[in-house]
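Letters A, B, ... are given to chains in the order of the sequence lines, protein chains preceding strands, and every chain is numbered from 1.
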Amino acid sequence: MIARRILLAGTAATLFALPALAAGDVGQLEKQPVNLSAIGMFIAFVVMTLGITYWAASRTRSTSDFYTAGGGITGFQNGLAIAGDYMSAATLLGLSSLVFAKGYDGFVYTISFFVGWPIILFLLAERLRNLGHFTFADIASYRLDQGKIRTFAAIGSLTVVCFYLIVQMVGAGQLIKLLFGLDYNVAVIVVGVLMVVYVTFGGMIATTWVQIIKAVLLLGGGILLAFLALSRFGFSLEAIARSAIASHKDGVKIMGPGTLLADPVSAVSLSLGLLFGTAALPHIMMRFFTVPNAREARKSVFYASGFIGFFFLIVCVLGMAAITIVGTDPQFFEGGKLIGGGNMPVMHLAKALGGDLFLGFLSAVAFATILAVVSGLALAGASAIAHDLYARVIRKGEATEREEMRVSKIASLVLGVLAVVLGIAFEKQNVAFLVGLTFGVAASVNFPVLILSMYWKGLTTRGALAGGIAGLISAVTLVILSNAVWVVVLNNPAPIFPYEQPALFSMTLAFIVTIIVSKLDSSALARAEREAFEDQFVRSQTGIGAAAAAKH
Amino acid sequence: MHSPANTPVYERVRRNPKFHELVRQRSRLALILSAVVLAGYYAFMMVVAFAPGLLHKPLSDDSSLSVGFPIGAAIIILSWLLTGVYSHFANGRFQDLTDEITRETLQ
């Protein structure tokens with residue numbers, strides 16, 4: 001009985017953190033005692049990655065090395081790196097805690113996080129690789145107005161990067177306070193400094209390897225933890241389920257869908273945001289330019305989705321096992337609440353099964369995860385500033401490689417400082433709304449122009465701009481009117497917009513506006529843009545012309 | 001980077017019947033696979049929203065696991081296998097065709 005009451009409180013805490021799942025927000029947390037084994041293992045990770053950065057620095061000479069590792073990453077390596085970009089601290093902590101609290105509903109979330117990957121491969125990966133050089137703006141502005149569309153696409157990327165950076169920085173600070181027992185500010189500054197060092201010195205080569213190492217550590221840690229958990233139940237999923245039903249306050253209800261996604265509009269809007277938002281995250285798209293050709297790009301998505309799917313299934317097993325192992329163990333509760341908040345079940349599970357040493361390892365991996373993700377974000381932001389805004393728009397392609405490299409390094413430094421300042425400024429804020437904004441803006445601003453420029457001949461500059469602005473305004477407005485801002489931040493009694501994700505509405509609006517304005521556009525420029533589609537189409541299908549383009 | 005409209009190289013590709021065959025076949029494969037994944041996923045989500053009871057059913061009479069778990073796992077595993085199917089064809093037959101077209105065009 002005691003265990004059941006304890007679980008009830010844990011559930012409330014998890015639900016509160018629920019909209020933040022997609023990133024790393026773990027809420028306001030109590031600082032814990034200093035954890036030396038975790039700090040030691042994290043330092044080992046940092047030393048190793050700095051070594052890699054030193055090695056990568058000697059190989060980062062051209063802009064192509066800097067933005068895309070010179071296209072020299074194999075499909076398998078890139079698959080691990082993509083998986084690393086997607087398996088954030090939030091998927092490990094957030095999804096497992098959701099399964100811990102809500103059972104099957106958490107599993108449904110997990111599935112929604114996954115299904116975007118096959119779609120990215122079928123519809124996007126190939127064309128992305130064949131058309132792009134360094135950034136997604138390359139593709140969006142391929143046959144449209146360079147100045148306007150590239151500027152707009154770069155701003156779209158930077159917006160997404162900045163929102164996501166804040167979420168990750170705040171998540172890092174809170175997590176480190178809890179896991180390492182260090183100050184919030186210390187954690188934010190450490191993340192900021194390391195991120196700038198990796199990106200400015202090692203560029204994409206270092207960023208990719210940091211991501212690969214982290215992905216391997218995370219997968220390895222997850223597998224080991226799942227093995228230990230399964231061994232408690234005689235390696236029987238049936239036994240885990242039986243025991244979970246007995247331990248959870250909702251009993252047998254956790255074996256099927258509950259109330260979390262009972263509303264189909266929420267479910268569809270959330271899944272659209274996750275599906276197409278993921279596809280249009282600049283640091284994910286950038287990964288398709290790091291491989292030498294479309295063949296490797298396809299392979300990398302195949303490997304990436306294999307790793308991600310496998311990891312997600314493991315995470316669900318961990319959540320189910322934690323219902324019994326963590327949920328019925330009083331040492332993990334204080335005053336009826338899960339110590340450290342609702343996102344901690346998997347960390348407690350590590351302590352219960354592998355002791356302090358394993359907890360330290362998993363904490364170090366969680367920190368490394370945040371570090372790797374922010375480095376990818378910083379690099380994506382730096383390329384939008386240096387490649388799109390500086391080299392292409394301001395200097396109109398006249399900048400030398402040296403100048404562009406210098407600007408990209410200054411840009412990553414500025415982004416690092418900005419991330420630290422914003423991370424500290426947002427310490428006391430609930431940043432859940434930024435997650436909604438990140439995915440909402442990516443799905444409503446970046447995604448429509450990306451997909452239409454590749455698939456629809458009729459797209460024109462005017463249409464793309466009008467649709468992008470409509471998507472931006474509607475996504476931001478709906479998030480402000482939703483629970484995460486209207487109620488949580490602005491303290492109103494009830495949200496005006498009842499759903500968590502704006503994508504169903506803002507993305508649809510962006511598509512409609514883009515198509516109508518493009519159709520009505522009868523300018524000479526629009527005609528030329530439509531005519532240019534035929535050549536773009538050939539290149540997007542065959543890659544002819546792509547190899548040469550990647551050299552500049 | 002604004003490529004001049006109707007560059008001769010691309011015009012030659014367009015005149016190659018193999019190019020149209022490549023586009024037709026590969027697009028069809030991509031569309032079918034996308035439709036399978038999306039239809040499967042949204043059908044699942046509709047059951048979650050409108051008929052959750054179906055997923056609550058136990059696997060067998062004395063089982064604690066519900067049918068929802070293998071179904072959910074199957075969605076993840078099958079959609080991953082479909083990425084394998086796509087990569088197999090796109091990196092095999094379609095890539096050979098693309099290479100042929102490239103060779104014939106750049107000759």
Between [X] and [Y], what is the shortest heavy-atom contact and its length?
| X | Y | answer |
| --- | --- | --- |
| B:Gly72 | A:Ile111 | CA-CD1, 3.5 Å |
| A:Val115 | B:Val37 | O-CG1, 4.2 Å |
| A:Tyr104 | B:Gly68 | OH-O, 2.6 Å |
| A:Leu123 | B:Leu31 | CD2-CD2, 4.4 Å |
| B:Thr83 | A:Phe302 | OG1-CD1, 3.3 Å |
| B:Val48 | A:Pro257 | CG1-CB, 3.9 Å |

Using a 3.5 Å distance criterion without hydrogens, assess whether the side chain of [X] forms a donor-acceptor pair with backbone atoms of [Y].
| X | Y | result |
| --- | --- | --- |
| B:Tyr10 | A:Gln536 | no |
| B:Ser66 | A:Met255 | yes |
| A:Glu238 | B:Ser64 | yes |

Can you tell me which of B:Leu54, B:Val9, B:Leu38 forms the most heavy-atom pairs within a distance under 4.5 Å of chain A?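 Among B:Leu54, B:Val9, B:Leu38, the one with the most close pairs to chain A is B:Leu38.
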Highest number of heavy-atom pairs under 4.5 Å with chain A: which of B:Arg26, B:Met46, B:Met45?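 Heavy-atom pairs under 4.5 Å are most numerous for B:Arg26.
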With a 3.5 Å cut-off and no angle check, do the side chains of B:Asn91 and A:Arg295 form a donor-acceptor pair?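 Side-chain D/A pair, B:Asn91 to A:Arg295: absent.
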Would a 4.5 Å heavy-atom cut-off, applied to side chains only, mark [X] and [Y] as touching?
| X | Y | result |
| --- | --- | --- |
| B:Tyr86 | A:Pro118 | no |
| A:Glu534 | B:Glu11 | no |
| B:Leu33 | A:Leu121 | no |
| B:Tyr42 | A:Val268 | yes |
| B:Ser79 | A:Trp117 | no |
| A:Arg242 | B:Leu65 | no |
| A:Phe537 | B:Val23 | yes |

Measure A:Glu296 against the heavy atoms of chain B and call it side chain, backbone, both or neither at under 4.5 Å.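 Looking at A:Glu296, nothing touches chain B.
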Taking side chain as everything from C-beta outward and backbone as N, CA, C, O, which of these in A:Ser243 sits under 4.5 Å from a heavy atom of chain B? Side chain, backbone, both or neither.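 For A:Ser243, no heavy atom lies under 4.5 Å from chain B.
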When only pairs under 4.5 Å are counted, which of [options] shares the most heavy-atom pairs with chain B?
| options | answer |
| --- | --- |
| A:Ala244, A:Ser305, A:Gly309 | A:Ser305 |
| A:Ile119, A:Asn293, A:Leu275 | A:Ile119 |
| A:Gly306, A:Ala294, A:Cys316 | A:Gly306 |

Quick one: what part of [X] sits under 4.5 Å from any heavy atom of chain A, side chain, backbone, both or neither?
| X | answer |
| --- | --- |
| B:Leu29 | neither |
| B:Asn16 | neither |
| B:Ser63 | both |

Kindly assign one of parallel, tilted or perpendicular to the pair B:Phe69 and A:Phe107, based on the angle between their ring planes and the thresholds 30° and 60°.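 Rings of B:Phe69 and A:Phe107: parallel, as their planes differ by under 30°.
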Are B:Trp80 and A:Phe310 close enough that their ring centers fall under 6.0 Å?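 No, the ring of B:Trp80 stays outside the 6.0 Å limit from the ring of A:Phe310, centre to centre.
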